[in-house]
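Have a look at the structure below, then the notes.
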There are 2 protein chains.
Amino acid sequence: MTAPQWLNEEELRAWYAFVAAGALINRRLDQQLKDDVGITHLQYEILVRLDAAPDREMRMSALADALLNSKSGLTYQITQLEKAGLVTRRSCPSDPRAVYAVLTDAGRCMLEQAAPGHVAQVRKLLIDVLTPQQLATIADGLTEVTHRIQSSEADPAR
Amino acid sequence: MTAPQWLNEEELRAWYAFVAAGALINRRLDQQLKDDVGITHLQYEILVRLDAAPDREMRMSALADALLNSKSGLTYQITQLEKAGLVTRRSCPSDPRAVYAVLTDAGRCMLEQAAPGHVAQVRKLLIDVLTPQQLATIADGLTEVTHRIQSSEADPAR
DNA sequence: GGCCCCAGGTTCGAATTTGAACCGTCGCGA
DNA sequence: TCGCGACGGTTCAAATTCGAACCTGGGGCC
């Protein structure tokens, strides 16, 4: 057994910065979106994905995957968004099991209202604080991180 | 009014990688700690902070600040940890309003059990995926990010 | 001293998240 | 064709989180 590989100072610094930045940014984004247009960051992301999808609709499970969220969590959120009139459900004719979430016009409108403020916040909190150099490094590194995690999720032999 | 500063491709890549990595890593850490020793990542962090503090105790509010968590959330978690015997509360003699959370021996023991697996997971998911170069860049960049956010929180004139 | 406001925690109810159990198809192999 | 395990979503109860309201004691100010 190898000795427990503690984190050295530099590693610890990176780790804590990563965790803290994630927590703080998430909180602020939620805050801003709720104050601004009354939806959460998660709901905003749902609208974004739907808007980007062909015909502005997606299968529940595809959406859940894209959002890295549990199936039941998505069911709940879609129900909320449906109550708010931003999204509707549509069942797939070819496969009665499948359900599509569809962005409504109101949802699109909401997205247009919400996007500028949200993007501005993302800029202010993260993007504009970093140099393009740093951004590129972060993008490369963390993309690799997410790829590895996701592939190990799919992989039965972890 | 400036035109809405959309994110360019590189910025978007960084942003999504950042969000995704944060979400995935958090989920995995929670998972691993719960499977392993039955506590959440948040609870683990509480134990870590207490263990690092002088006399292994901290004021509730200091702890809440350190964890970037709401006061009520901390109250809840400390109550849970107290039920589990990992922490006790102690009121401060000099100021009856203040409450200290104190790490118990059982808490210390739990921490010792949990730490190796947790650190290994952090390594596997993040640290070991990145080069020291990348780590340094991330540490620098995200430290700056958290500093700015935190200082703007304290600042009344945002 | 008496008043008022603030800081430190807790409590409360509402909203969200999670994981497990469930229900109705689908599609493949016997 | 039948059976059966896997898939796609939903439901449910339990745990957690959040924010606002609430207590209590401390200190400054008159």
Side-chain angles (χ1 to χ4, degrees), chain A residues 22-24 26-35 38-46 50 57-84 87-102 153-154 156, chain B residues 22-24 26-35 38-46 50 57-84 87-102 153-154 156:
Chain A
L24 287 171
N26 258 317
R27 181 187 313 270
R28 296 287 272 239
L29 288 181
D30 251 351
Q31 191 60 48
Q32 185 260 330
L33 279 170
K34 257 187 278 199
D35 289 353
I39 62 177
T40 66
H41 186 201
L42 177 55
Q43 294 176 327
Y44 176 84
E45 283 300 322
I46 294 177
L50 288 179
E57 63 181 14
M58 266 202 238
R59 306 253 311 230
M60 295 294 281
S61 54
L63 207 42
D65 284 350
L67 297 165
L68 313 168
N69 219 252
S70 65
K71 288 184 304 173
S72 61
L74 184 65
T75 293
Y76 174 76
Q77 286 298 346
I78 293 293
T79 303
Q80 295 309 102
L81 288 172
E82 209 169 16
K83 279 183 200 162
V87 157
T88 53
R89 276 182 233 248
R90 180 174 82 72
S91 62
C92 172
S94 68
D95 183 346
R97 290 176 303 174
V99 173
Y100 283 90
V102 190
E153 254 169 20
Chain B
L24 288 172
N26 258 319
R27 181 185 313 269
R28 295 288 271 240
L29 288 180
D30 251 351
Q31 192 59 48
Q32 185 261 331
L33 279 170
K34 258 187 279 200
D35 290 351
I39 62 177
T40 66
H41 185 203
L42 177 54
Q43 294 176 327
Y44 176 84
E45 284 299 321
I46 293 176
L50 288 179
E57 61 181 18
M58 267 202 236
R59 305 259 307 239
M60 295 294 281
S61 54
L63 206 43
D65 284 350
L67 297 165
L68 313 168
N69 221 250
S70 65
K71 290 185 302 174
S72 61
L74 184 65
T75 293
Y76 174 76
Q77 287 297 346
I78 292 292
T79 303
Q80 296 308 103
L81 288 172
E82 208 170 18
K83 279 184 199 162
V87 156
T88 52
R89 275 182 233 247
R90 180 175 82 70
S91 62
C92 171
S94 69
D95 183 347
R97 290 176 303 177
V99 174
Y100 283 89
V102 191
E153 254 168 19

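Lettering follows sequence order; numbering is per chain, from 1.
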Between Val102(A) and Leu50(A), which heavy-atom pair has the shortest distance, and what is it?
C-CD1, 4.4 Å
Among all residues two or more places apart in sequence or in another chain, which pass the side chain to side chain donor-acceptor pair (under 3.5 Å) test with Gln80(B)?
none
First contact, last contact: which nucleotides of DNA chain C are these for chain A, 5' to 3', heavy-atom distance under 4.0 Å?
dA15(C) to dC26(C)
Tyr100(A): ring pair (Phe, Tyr, Trp, His ring centres under 6.0 Å) partners, not counting sequence neighbours:
none
Name all pairs fulfilling the side-chain hydrogen bond (donor to acceptor under 3.5 Å, both in side chains) condition that reach into residues 63-74 of chain B, sequence neighbours left out, sorted by first residue then second.
none
List for me each residue that meets side chain to side chain donor-acceptor pair (under 3.5 Å) alongside Arg59(B), sequence neighbours excluded, and say none if there are none.
none
Restricting to salt bridge (Lys or Arg N to Asp or Glu O under 4.0 Å), what partner residues turn up for Asp95(B), sequence neighbours left out?
Arg97(B)
Looking at OG1 of Thr75(B) and CD1 of Ile78(B), how far apart are the two atoms once the value is rounded to the nearest 0.5 Å?
8.0 Å
Strictly under 3.5 Å: I want the nitrogen or oxygen pairs between protein and nucleotides 5-9 of chain D, one per line.
unit_1	atom_1	unit_2	atom_2	d
dC7(D)	O2	Arg97(A)	NH1	2.7
dG9(D)	OP1	Arg59(A)	NE	3.4
dG9(D)	OP1	Met60(A)	N	3.4
dG9(D)	OP1	Val99(A)	N	3.1
dG9(D)	OP1	Val99(A)	O	3.1
dG9(D)	OP2	Ser61(A)	N	2.8
dG9(D)	OP2	Ser61(A)	OG	2.9
dG9(D)	N7	Lys71(A)	NZ	3.0

Run the side chain to side chain donor-acceptor pair (under 3.5 Å) test against Gln32(B) and tell me which residues pass, sequence neighbours left out.
Asp36(B)
Would you confirm whether Arg90(B), through its side chain, and Glu57(B), through its main-chain N or O, come within 3.5 Å as a donor-acceptor pair?
no
Encode nucleotides 12-18 of chain D as B, S and - characters from 5' to 3', where the letter depends on protein heavy atoms closer than 4.0 Å: B to the base, S only to sugar-phosphate, - to neither.
---SSBB
Listed partners of Thr79(A) passing side chain to side chain donor-acceptor pair (under 3.5 Å), at least two apart
Arg89(A)
